[in-house]
Amino acid sequence: MATTESADGDSDQLFVLTAVMLTPAQFPSVLGDDYPEVCAFLGLEPYAEGYGLVLGQDGSGARWTVVTEDVTLVSCAIAAWDCGMEYDLSPGEGSIVGALPGWPLALAVSAPGVPEPHDPKPQEGDPAPLSPPDAEEWGPAQRRLGADEIALQWAAWREQVDDEVAFAEPGDGESEDESPHQGVRRVLKEARGYLAEPPPPGRVRSSFAAGEARTLRVDGPGWSMVARTDDIAFVLLDEEPGEVHPVGRGPELPGLLSSLDQLAVRPL
């Protein structure tokens, strides 16, 4: 297990448990609809270069989130871990922006040989410890997690949709009767609006998919959309707990997805 300097700058070490990217193209969706919103949640400036977040425990078992500007190091560590390889994630002292008490994400693991994870004892002037958003009840956090799951398990979700499903049709957004579902119609209209007025970084993200297609993740106030540029889309709404609405390609969706893909930020 890798180690790095502790949050309070003394000789203790931080036992690294995991790390996540925080860039316009890659960030924990559960924390916000776009990159600036997630940065605001963490109290960070939304610099275009982004950050890496290193989550771990100090020798007393306290939770800390170390923020580093060495995005490449964190990306390499995550890639190695995903392949089952060891990687010593130890950001250089000069790259560390700061250390935040607590964890912004829920972790089911802990460092061996140290006390159970707990928030550090607050010092005067310290920010409140980070804690994960409540995703137990349906709301923005759970809606975004649902969209994450669809993007990860696209094939499984796509298999549940056949020709007998009543698709919502994109349309051009002018008639009240174009879509059987007004919430979906609103989402598609707002997504088209992004083409005229680009949204904050991270609202539209594009990642690899099978073949020459791309997986699109588009978020907005109260909604998330996951789509494949060569296929259909799925829409989730805050006002409809647990519901997933498939959107048929029709004559409009292919062009909309293609235009959104050109607008999207992509992982380096």
Side-chain angles (χ1 to χ4, degrees), residues 18-55 65-79 81-82 89 91 95-100 103-105 130 132-133 135 140-152 154 187 190-209 213-229 233-236 238 256-268:
T18 191
V20 294
M21 301 290 290
L22 176 57
T23 69
Q26 294 175 281
F27 54 84
S29 299
V30 67
L31 302 182
D33 287 324
D34 54 55
Y35 174 65
E37 185 176 333
V38 176
C39 286
F41 177 87
L42 298 170
L44 301 172
E45 289 295 322
Y47 295 127
E49 294 80 5
Y51 308 92
L53 304 180
V54 182
L55 282 61
T65 298
V66 174
V67 183
T68 175
E69 293 178 331
D70 196 340
V71 176
T72 300
L73 177 69
V74 173
S75 177
C76 290
I78 294 172
W81 295 339
D82 286 346
L89 177 52
S95 77
I96 295 178
V97 176
L100 306 173
W103 294 335
L105 305 173
L130 297 172
Q142 197 174 78
R143 177 251 302 168
R144 292 189 292 259
L145 287 174
D148 285 348
E149 181 66 19
I150 293 173
L152 287 172
W154 177 269
V187 167
E190 291 184 15
R192 279 191 294 271
Y194 288 168
L195 307 181
E197 185 174 345
R203 284 278 180 99
V204 185
R205 289 172 281 163
S206 176
S207 58
F208 290 108
R214 304 286 298 183
T215 295
L216 291 182
R217 174 62 181 275
V218 189
D219 291 274
W223 58 268
S224 293
M225 180 169 70
V226 184
R228 279 269 303 250
T229 53
F234 292 97
V235 167
L236 297 86
D238 279 357
L256 173 61
L257 297 182
S258 177
S259 296
L260 288 171
D261 186 47
Q262 294 176 32
L263 177 71
V265 291
R266 302 185 179 204
L268 297 177

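Sequential numbering from 1 along the given sequence is applied to the chain's residues.
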Quick one: does V30's side chain get under 4.5 Å of P132's, heavy atoms only? no
Heavy-atom side-chain contact between V67 and L53 under 4.5 Å: yes
Would you say R266's side chain and A25's backbone share a donor-acceptor pair under 3.5 angstrom? no
Evaluate the side-chain proximity of L195 to L256: yes if any heavy-atom separation is below 4.5 Å, no if none is. yes
Can a side-chain donor-acceptor contact be found between S207 and T215 if the only test is distance below 3.5 angstrom? no
Nearest heavy atoms of P36 and P201, plus distance in Å: CD-O, 3.3 Å
Provide the closest heavy-atom pair for P104 versus L55 in the form atom of the first, atom of the second, distance. CD-CD2, 4.2 Å
Check step by step if side chain to side chain donor-acceptor pair (under 3.5 Å) holds for R214 and T229. CA-CA 5 Å; R214 304 286 298 183; T229 53; over 6 Å; no
For residues P91 and T68, report the shortest heavy-atom separation together with the two atoms involved. CB-OG1, 3.8 Å
Between L22 and L42, is a side chain to side chain contact (heavy atoms under 4.5 Å, CB included) present by the stated rule, with each step listed? CA-CA 10 Å; L22 176 57; L42 298 170; 3.6 Å; yes
Side-chain heavy atoms of P221 within contact of D33, under 4.5 Å: no
L236 and I150, any side-chain heavy atoms less than 4.5 Å apart: yes
Say you draw a straight line from CG of D34 to OG of S29; how long is it, rounded to the nearest 0.5 Å? 10.5 Å
State, to 0.1 Å, how close P267 and S206 come at their nearest heavy-atom pair, and which atoms those are. CD-O, 3.2 Å
Side chain to side chain contact (heavy atoms under 4.5 Å, CB included) between L89 and W81: does it pass, once the steps are laid out? CA-CA 10 Å; L89 177 52; W81 295 339; 3.6 Å; yes
Rounded distance (nearest 0.5 Å) linking atom CD1 of I78 with atom OG1 of T18: 7.0 Å
What are the two closest non-hydrogen atoms of A19 and V74, and how far apart are they? CB-CG1, 3.9 Å
How are the rings of W154 and F234 set to each other: parallel, tilted or perpendicular (split at 30° and 60°)? perpendicular
Which heavy atom of P46 sits nearest a heavy atom of C39, and at what distance? CA-SG, 3.7 Å
Decide yes or no for D148 and R217: does some side-chain heavy atom of the first lie under 4.5 Å from some side-chain heavy atom of the second? yes
Is there a side-chain contact between M225 and L260 (heavy atoms, below 4.5 Å)? yes
R144, R205, R203 screened by salt bridge (charged side-chain N to carboxylate O under 4.0 Å, His left out) with D219, the one that passes: R205
Y51 side-chain N/O to E45 backbone N/O, donor-acceptor pair under 3.5 Å: yes
